[in-house]
Amino acid sequence: MTVSHPRTVTQTARIDTDRLAVLGLTVAVALPLIVFVVLPLVGILNLSFVTEDGIGWGNFVRYFSSPKFTRVVVNSFTVTLTTTAITVVLAYAFAYAMHRTAMPGKRAFGMIVLLPLFAPSLVQALGILFMFGRNGVINRSFGLGIDIYGFWGIVISDVFYSFPHAYLILSAALALADARVYESAQMLGASAARVFRTITLPATRYGVMSATFVVFTIVITDFGNPMVIGGDFSVLATEIYNQVSGQSNFAMGAVIGVLLLIPAGLAVVIEKWIMRRHHASITDRSQPLRLMPDRRRDMAGLVYASVVCGMILLIVGVVFVASFVTLWPYNMHLSLRHYRFEVQNGLQPLWTSVWVSLAAGAIGVVVTVAGACVMRRLHGAAAQALYFLSILPAAVPGMVLGLGYIFAFNDPANPLEILYGTAVILAICNVYHYHAQGFLIATTGLNQISRVFDEASTSLGGSFFRTLRSVILPIIWPSIVSVGVFFFVRSMVTLSAVIFLVTPSTQLAAVSVLLLDDAGNQNQAAAFSVCIMLVVAMALALFHGLLRLSGAKRVSLFG
Amino acid sequence: MFLSLSNIAKRFGTVTALNGVSLDIAEGEFVCFLGPSGCGKTTLLRVIGGLESADAGEVKLNGRSLTETPARLRNFGVVFQSYSLFPSMSVAKNVAYGLECAKWAKPDIHRRVAEMLALVHLGDQAEKYPHQLSGGQQQRVALARALAPNPTVLLLDEPLSALDAKVREDLRAEIKDLQSALGVTTVMVTHDQHEAMEIADRIVVMNGGVIEQIGGAVDLYERPVNRFVAEFIGRMNLLSWPPVADRGTSSLRIGVRPEHIELVASGGDASNSVVGRIEKCVFLGSFTRVTLAVGNERLQLELRGRRTDLGPGGSLTVRIPPDAVHRIGDVTR
C-alpha cells in the first residue's frame with residue numbers, strides 16, 4: 001500500500017498567530033464594553049458624588065432630607081415587593097399547571113403567556129387604563145368610580161409585564177423532575193399536598209429564588225408602566241425622568257440613578273450567586289415524569305391558565321380594539337383615523353425604530369457571539385474579567401444607562417460625541433442595555449457544542465478563525481439568528497434607556513407611544529403600539545419560517 | 001529518539017494527573033497507554049498532542065522541544081473517543097479539512113480524500129453526513145481524517161471504547177493493519193488490556209500519574225514487576241507459600257495465574273499441592289472459573305470447558321507448578 005506525499009507540513013515553532021487572534025478579539029470585545037457600559041456608569045457615579053463643596057455624600061444627604069424624595073424610595077420598594085410577591089406566586093401556579101397537570105391547550109397557553117414580551121413595555125398600563133382609567137370603558141359603563149392611578153395600577157400592570165419572565169424561569173425549574181422520586185413518595189403513601197411540600201417545592205426553590213430576584217429587578221427598573229398609570233405616585237425610575245427631562249437637574253437624576261442602581265445591581269448579583277451554587281439534581285439516569293390524568297387537578301389547571309391567558313389577551317386586545325374605534329369609549333364606531341398618524345413626524349418613528357432595531361440586531365449578534373466565542377478560548381482571570389464585563393449590563397437599569405450615555409457622550413471632550421443625537425447611539429445603547437441576556441443566549445448555544453470539535457479542528461491545523469467559520473458557526477447559526485431576533489425585539493419595545501437619547505429626528509416608536517399617551521391621545525398611542533406589535537410579530541414569524549425551512553431544531557428565543 | 005517525553009507533570013487543581021513521566025517512542029512504533037480511569041493516560045496523550053500544556057517537563061520530536069509549538073502546528077493526527085466528526089460537513093469534507101488547513105492544492109486534496117476513504121473501505125460513502133453513518137463507520141472516517149495530512153504521529157484517544165464489542169474487534173485489527181502499512185508512529189490510549197495486547201508493540205502501564213511498567217504483552221504478562229501490573233494485566237492469585245506455615249518457618253508471598261494451577265488426579269504428581277474447599281463454580285463459556293478456599297486464602301483457577309463434576313462444597317487438590325510462580329517483590333503497591 002503506497003500513499004502519496006504531495007507536501008509535508010513543516011512544524012517549526014512559528015509565532016502563534018492563534019494567540020494573537022484571541023488576544024485581538026478579546027480587546028475588540030472588551031473595549032466597547034468599557035466604553036459603552038463602564039464609562040457611562042462612571043459618569044453617573046461621578047456626578048452623583050460631585051457637589052459644590054467637592055466630592056462627598058452631600059447630594060445623597062440633601063436627597064434624603066426632603067420627605068418628598070424619601071417617599072419616592074419607599075414607593076419604589078413597596079410597589080416592587082408587592083408586585084414581586086404576587087407575580088412569583090401566580091407564575092409558579094401557572095408553570096405548575098403547564099408542567100404538572102395534564103390539562104389540554106398547553107401549546108396555546110405557552111404562546112399567549114409570552115405575549116407581554118413582544119409588546120411595548122407600557123402596553124399593560126395602557127390596556128388597563130382603557131378599561132379602568134378615567135375614560136375606561138368599564139368605569140364609564142358601570143359608573144364604578146374606580147381610581148386605578150397610582151399604587152395598584154402600577155402593581156397590576158407590572159404583574160402582567162413581569163409575568164412571562166417569572167414564568168420562563170419557573171417553567172424551566174418545574175419542567176425537570178425525576179419520576180423515580182415521585183413514584184417512591186407515592187409508594188410510601190404521601191398525600192399530594194405532602195409531595196408538593198416535601199419534594200416539588202424544595203426541588204424548585206432555586207427557580208423560585210431566581211424568579212424573585214429577576215422580577216424584583218424588572219419591576220424596580222420599569223419606567224413605562226409607572227409613567228402611564230402612576231399618576232402622582234412617583235417611583236425611582238420615573239423620578240429620574242422628571243428630574244432630568246422636566247427640571248434639567250442632572251445631578252439629582254444621577255443621585256436617584258445610583259439609588260436605583262444599588263438594589264437592582266444587588267438583586268442581579270444575588271441571583272447569579274444563587275444560580276452558581278445550584279447544582280442540578282437531575283442526572284442522565286433520571287426518569288422523566290409521566291402525568292396520569294386527574295380530572296379535578298387538570299380542570300383546576302385549565303380554569304386557572306384560561307383566566308390568566310384571558311386577562312393577558314384582554315389587555316392586548318383592548319389596546320388593539322381601541323386603536324380601531326373613533327374615540328374610545330365615547331364613540332365606538334370603527335375607524336382607521338388613528339392610523340393616519342397626523343402628528344409630528346407621522347409614522348416616521350416606526351421606521352426609525354425598525355432601522356435602529358435591525359442595526360441593534362446586527363451589532364448585538366456580532367459583539368455577543370464574538371464575546372461568547374472568545375470566552376471559549378480564555379482561561380483564568382482574563383475569562384472571569386470578560387465574563388463580568390459581559391454580564392455587568394444586567395445590573396444596570398435602563399434609565400441609569402441612558403442617563404450615563406448623556407454624561408459620557410454629550411461631552412465635546414469625548415471623540416465619540418459625534419454619535420450623540422444620532423440613531424447609531426440608540427442602536428448601540430440597546431445592544432449594551434441587553435448585552436448580558438444576548439451574551440447568555442449565545443454562550444448557551446455555544447456550550448451545546450462539544451469541545452472535541454475545537455480540538456479536532458486544532459489538531460488538523462485549523463486556526464481559531466477557521467474553526468469558528470467552518471466548524472462552530474455552521475452548527476450554531478440558529479442560536480446566532482435567535483440572538484439577533486432577541487436584540488431586534490427588545491429594541492422595538494424598549495423605552496427606558498433610549499428615552500434620554502432620542503431627538504425629534506430620531507424619535508422611536510415606543511417613545512412615541514409614551515408621548516402620545518402623555519398628550520392625552522390614547523387612541524393614537526394604541527395604534528402606534530399595534531404597529532410595533534405587528535412588526536415584532538412579523539419578525540418572529542420570519543424567524544420561525546427560516547428555522548422550519550432549514551430544518552433546524554426548535555430554538556428557544558427567550559429563556 | 002524520535003518522540004521523547006521527559007519528566008512530564010500536570011496537576012488539575014489539587015489532583016495530580018501526571019507525576020514526572022518519562023518515555024521514549026521510536027519512529028514507526030505502536031505504543032499503548034494502558035491503565036484504569038484517572039491514571040493520567042489520556043492527559044499524557046493530550047500533552048503529546050499539545051491539547052493540554054504540561055506544568056513541567058517537555059516533549060521532544062527528533063530532539064527539538066515542542067513546548068512552544070501549539071497543537072495546530074504539530075501536525076499530529078488525533079482520533080477522539082467518539083462524535084468528533086464535524087456534523088455540518090460531508091464525509092469527504094471532513095477528510096479534506098486538514099488538507100485545506102495545510103493549504104494543499106485542490107486536485108491533490110481530491111485525490112488524497114479518495115485514497116484515504118478507499119483505505120478505510122468507505123469510498124462509496126464520501127457524500128454522506130456523519131449522522132448517516134454507524135459508530136464504526138464514523139470512527140473509520142475520523143481515522144482517515146487524522147491520517148490524511150500525513151501526520152508525524154497518530155494519537156488515538158480510546159477510539160474504540162464507544163463501539164459495540166464486535167465492531168470494536170474488527171476495527172482494532174483494521175487500525176493495526178493500517179498502522180503497519182503506513183508505518184506511522186502511533187500512540188493509543190485504552191483501558192482494555194486485550195486491545196492493548198493485540199495491537200501494541202509496547203504497552204505502557206500507568207497508574208496514579210506514573211508509569212508502572214513498559215513492555216510487550218508477553219513481558220507484562222509473564223514478568224510483571226509489581227503487584228499492580230500483575231493484577232491489572234490478566235488475573236493473578238496472590239498467596240503465602242507454603243499456605244499453612246509451620247511455627248518458625250517463614251512463608252513467601254507468591255503470585256500464580258489462574259490458568260496455570262493444575263488439578264491433581266488421584267495417583268498423580270502431588271508435589272507443591274494444596275487441598276481446598278470449592279466455594280464457587282462459574283461457567284464462562286470456554287472455561288470454568290473455580291474459587292477455592294485454602295485456609296484463609298482464596299485461590300481462583302480456570303479449567304478448560306464445562307466442569308459438571310465440580311460443585312460448591314466439594315474438596316479439590318490442586319498443584320502449583322514451580323515454573324508458574326511469580327515472586328511478587330513489591331507487595332505494597
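Chain letters run A, B, ... following the sequence lines, proteins first, then strands; residues in each count from 1. What you see below is based on every heavy atom in this structure, not just the backbone, and it leaves out hydrogens, waters and symmetry mates.
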Under a 4.5 Å heavy-atom cut-off, does chain A meet the side chain of [X], its backbone, both or neither?
| X | result |
| --- | --- |
| B/F86 | both |
| B/L99 | neither |
| B/R46 | side chain |
| B/Q81 | neither |

Kindly say whether [Y] contributes a backbone atom to a donor-acceptor pair with the side chain of [X] at under 3.5 angstrom?
| X | Y | value |
| --- | --- | --- |
| B/Q179 | B/V184 | yes |
| A/R377 | A/R19 | no |
| A/S210 | A/Y206 | no |
| B/E58 | B/T67 | no |
| A/S470 | A/T467 | no |

- Item | Part of A/S459 within contact of chain B (heavy atom distance under 4.5 Å) |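 For A/S459, heavy atoms of backbone and side chain both lie under 4.5 Å from chain B.
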